[in-house]
Number of protein chains: 2
Amino acid sequence: MILKSQVEWALHCCAILAGLPEGRYLSTKALAELHGLPKEYLSKALQSLSQASLVDTTLGPSGGYRLARSASEINFLDIVEAVEGKARSFTCTNIRENNPCRPAGYCDSKPCAVARIMWEADEAWRDTLRRVRLSDLVGILSEEVRPDLWQSTFEWVLKRAG
Amino acid sequence: MILKSQVEWALHCCAILAGLPEGRYLSTKALAELHGLPKEYLSKALQSLSQASLVDTTLGPSGGYRLARSASEINFLDIVEAVEGKARSFTCTNIRENNPCRPAGYCDSKPCAVARIMWEADEAWRDTLRRVRLSDLVGILSEEVRPDLWQSTFEWVLKRAG
DNA sequence: TGTTTTGCGGATATTCTATATCCTTAATTC
DNA sequence: GAATTAAGGATATAGAATATCCGCAAAACA
Ligand code: SF4
Ligand code: SF4
């Protein structure tokens, strides 16, 4: 059970987009270059963010992506689910139905305890992600990233933002 | 990000083993038949449980598996990690190192906030699983499974337990 | 003793997903 | 009209999950 690397990409891209001045866009090309990622494939992750209405896009030169709402109104789960999907990590294949002792026509009233417990853990994972806002991430990064790197990255981005 | 089906298999098998009388063993063949699973492949899951010291095994006719310790001393996380591995679901590929603005020789003091937050969610998932004991599962199942099915399954298992 | 049954591990095949690239189309800027 | 961009479809590659098969050693039993 491993998250796809697009999750990491999307989170980092959103953190960068959160630092954009109002109304500016940043292109896939710039985001790929900044993170050393394959442009074409990163584009798929950004499209997922777009389909989830987390980012706005515009075409043409000076086009690209920006956040669709403020960083305090986007949480980690929004981003993770956008690229990873909303499906639960535990899938129930209903093997209890194969029990040879089952009376004919037996019908389970509800999902069995195994599935419910696994789903509860899944929900705990989601809850944690839901509680962290994108703005929280930016706050932490701004404290932890060395000021010179933070500033030069900011300038690098601005130079390329349309 | 999806758990392998072996996780479900292992959980159900452990629930069955928890109902075995002291000192008896149940074979892969019986467990596979009871759950309608491919015997050879289920065997891999059971081997994982064995390597994790969750079950004891014995060879020969009347051989098979039994719990290595009481059901109250085994929790869901033990079983899940035995077959799924202990690796965290979010893997950090350190893409921040690709930032072209990075000064030469820049060395990050610690994992970045993105990774730490994702790992925190992962830990919440594990915590939930850690808190549920195998004996808890058996308790719930014994209440929810229809008594006649519960009993006939029990008899079916006993007939095959060595 | 020898035959059967069992778990164990290695090797291998198959199926599915994640990863990655390419190409066309339509919108936007200049 | 030319250049640039996101969107989305098609396709190729790599790797993981799923599944089967085989040989081995231990245990049970006749
Ligand atoms: S988890 Fe429970 S409900 Fe889901 S397949 Fe297994 S037995 Fe059936
Ligand atoms: S999550 Fe943070 S530490 Fe991990 S790879 Fe991405 S940037 Fe680097």
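Residue numbers begin at 1 in each chain, while the letters A, B, ... track the order of the sequences.
Across residues 20-42 of chain A, A:Ser27, A:Thr28 each have a non-hydrogen atom less than 4.0 Å from an atom of DNA chain D (numbered order).
For A:Gln47 against D:dG8, a side-chain N or O and a base N or O form a donor-acceptor pair under 3.5 Å.
For the pair A:Arg160 and A:Trp156, the cation sits on the ring face: its NZ or CZ lies under 6.0 Å from the ring centre, inside 45° of the axis.
A salt bridge is absent between B:Asp56 and B:Arg69; no separation between the charged side-chain nitrogens and carboxylate oxygens falls under 4.0 Å. Salt bridge status for B:Arg133 with B:Glu73: absent, with no side-chain N to carboxylate O gap under 4.0 Å. Salt bridge A:Glu144/B:Lys110: present, at least one basic N to carboxylate O contact under 4.0 Å.
The nearest heavy atom of DNA chain D to B:Leu59 and to A:Gly60 marks one nucleotide each, and the one closer to the 5' end goes with A:Gly60.
Counting non-hydrogen atoms under 4.0 angstrom, A:Gly64 reaches the backbone sugars and phosphates but no base. Contact annotation for A:Ser50: backbone-only contact, meaning every heavy-atom pair under 4.0 Å involves sugar-phosphate atoms and none involves a base.
For C:dC8, one of the phosphate oxygens OP1 or OP2 lies less than 4.0 angstrom from a side-chain nitrogen or oxygen of B:Thr57. Between C:dT6 and B:Thr58, no contact under 4.0 Å exists linking OP1 or OP2 to a side-chain N or O. Contact check, B:Ser5 against D:dA17: no side-chain N or O comes under 4.0 Å of OP1 or OP2. In this structure, A:Gln51 reaches the D:dG8 phosphate: one of its side-chain N or O atoms is under 4.0 Å from OP1 or OP2.
Each ring-ring contact (aromatic ring centres under 6.0 Å, His included) pair with one or both residues in residues 41-68 of chain A, not counting sequence neighbours, appears once here: A:Trp9-A:Tyr41.
B:Val83 and A:Ile2 are members of different hydrophobic clusters when ILVMFWY side chains are connected at heavy-atom separations under 4.5 Å.
Going from atom NZ of B:Lys4 over to atom P of C:dA18 covers 15 Å, rounded to whole Å. Put simply, CZ on B:Arg66 is 13 Å from P on D:dA27, counting in whole angstrom units. Taking atom CG on A:Leu46 and atom C1' on D:dT5, their separation rounds to 12 Å, with Å as the unit. Atom C1' of nucleotide D:dA17 and atom CG of B:Leu3 are separated by 12 Å, given to the nearest angstrom. Atom CG of B:Asp56 and atom C1' of C:dG7 are 13 Å apart (whole Å). The CD1 atom of B:Ile2 sits 17 Å away from the C1' atom of D:dG15 (whole-angstrom rounding).
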Protein-nucleotides 10-14 of chain C N/O pairs closer than 3.5 Å?
unit_1 : atom_1 : unit_2  : atom_2 : d
C:dG10 : O6     : B:Lys44 : NZ     : 2.6

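The shortest side-chain heavy-atom distance between B:Arg102 and A:Thr153 does not fall under the 4.5 Å cut-off. A heavy-atom distance below 4.5 Å is found between the side chains of B:Phe90 and A:Glu8. Inter-residue side-chain proximity for A:His12 and B:Val114 is flagged as met; some heavy-atom pair is nearer than 4.5 Å.
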